[in-house]
There are 2 protein chains.
Amino acid sequence: MIVHVADPDDPRIEGYRAVRERDLAGREGLFVAEGRVVLEKLVRGGRHPLRSVLLAEARVGALEDVLAGLPATVPVYVASQGVMDAIAGFPIHRGILALGERAPRAAQALLAGLPPQALVVGLCAIANHDNMGGLFRNAAAFGADAVLLDADCCDPLYRKAIRVSVGAALTTPFAQLDRGTDLVQALAGAGFEVVALSPQGETELRAWRPAARTAVLFGAEGPGLAPQVLARTRTVGIAMAGGFDSLNVATTSGIVLHHLAAARAEAG
Amino acid sequence: MIVHVADPDDPRIEGYRAVRERDLAGREGLFVAEGRVVLEKLVRGGRHPLRSVLLAEARVGALEDVLAGLPATVPVYVASQGVMDAIAGFPIHRGILALGERAPRAAQALLAGLPPQALVVGLCAIANHDNMGGLFRNAAAFGADAVLLDADCCDPLYRKAIRVSVGAALTTPFAQLDRGTDLVQALAGAGFEVVALSPQGETELRAWRPAARTAVLFGAEGPGLAPQVLARTRTVGIAMAGGFDSLNVATTSGIVLHHLAAARAEAG
């Protein structure tokens, strides 16, 4: 359903107004995604209902195949680039925005629904949206079944995190724990062996063979995982060349998840 | 040699004026680095001569140990945070800047000076400073001997690339080829087996055992390496889960260099 919009103050595109400020403030039940690849995943993934799409006129033609996959009830607002920029509050070079409805999952139900052989990525206090996006991208690339976030993590459905994840934040199942709920306990309680990545890990990554149900935890760069997490988990480290003692957390997850995918393939 | 600066127009701190604009325009023979970790590497690495340091007053005390490693002839300019911000043209939260002299190396001399067993990271058209920094960080973390850049790569000594590399861009030897010089030919001519990473690689990464002198090539995300590069090299790919076909280039380098470091350790 194409709807042409000529007035930046049109009340129908209210959800796209002042995108940056609203994203940072947090939206009630909604999120904004941008770009063609992300829109495709949103349409095909089917996890988060699409409320509407806002396109620059020049983009409509090249998006016909994607738009054909939309339910007829979802409005596709089309505006000139100038009107679109005025709505969003900054230049939207990609010319493609979508407003989605969050479909949050409860952690317990998510974990309970996973198969007997499953890999969960656990995240503690990841506050950087680039790293969050990279972690989801790698989780998807190496087939992790779910991502579980503690209460101190930033929002994976923040626009930049979605973009950096190349849409994986929209397709990989995830849940965020309430403050006060313990990540290690939640995972162990669901039958997962919980393994924590740490530069001082007791086991070298390549020597690690994962259990059928494995959860692997990553903490923020700098502080790393908290001592009370490390004390209750098996710890694994990545051997590095002299002088260097840390990697970017998203890169670390890529190395670890690549190892785990291979180990699972070998185990059959 | 501590020199107090009270006037943002003091000609002695000319090199720090309008940092952003100058960095983007490219500097003749100089570069600016920021932050404590990077300053430490610059002082201890000894590769690029330091021309001067500019500190916010509040930082001087905590940097005494680092400054003690400086030659007495290198001026350390100290200014109030306000004067420092006025000089740089934006708020310098870290309060630590340094002006270094580029010590460029010729590619041929760099390659000729490497040992019989050596690993070179070759970069083609990496235009993003975050990725450039991440590639250098991983090269250092896994002990690559050198990085060789083609003429289309961005500058590893751009301020942000240095910061993201956690200083590795200052310590890992690198050279950039002139336009018209072929990267594959330069490496093969120096006795390196040249291997290119590609989502369609003929060999799976884990099956790859590197030669004594190995060069591994990474291209920009999206376009990837050019067909004329892939046609002349052995190609290696990383197996991924269904639906996903690419990783971030810095993450890719982390996975590949981790594999190579382990393979070299096994080969003894």
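A, B, ... follow the sequence lines: proteins, then strands. Residue 1 opens every chain. Heavy-atom basis, side chains included; hydrogens, waters and symmetry copies ignored.
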Please report the closest heavy-atom contact between B:Ser198 and B:Leu230, naming both atoms and the distance. CB-CD2, 4.0 Å
Any side-chain heavy atom of A:Leu170 within less than 4.5 Å of one from A:Leu157? yes
Using a 4.5 Å heavy-atom cutoff, which residues in residues 209-218 of chain A come close to chain B? none
Can you tell which part of A:Leu257 gets under 4.5 Å to a heavy atom of chain B, answering side chain, backbone, both or neither? neither
Which residues pass the salt bridge (charged side-chain N to carboxylate O under 4.0 Å, His left out) test with A:Arg44, not counting sequence neighbours? none
Do A:Leu187 and A:Leu148 have side-chain heavy atoms sitting under 4.5 Å apart? yes
Only counting residues at least two apart or in another chain, list the ones meeting salt bridge (charged side-chain N to carboxylate O under 4.0 Å, His left out) with A:Glu204. none
Heavy-atom distances under 4.5 Å only: say whether A:Ala239 touches chain B with side chain, backbone, both or neither. backbone
Rounding to 0.5 Å, atoms CG (B:Leu119) and CZ (B:Arg264) come to a distance of 5.0 Å
Sorted by chain and number, sequence neighbours left out, side chain to side chain donor-acceptor pair (under 3.5 Å) with A:Asp152 holds for A:Arg179
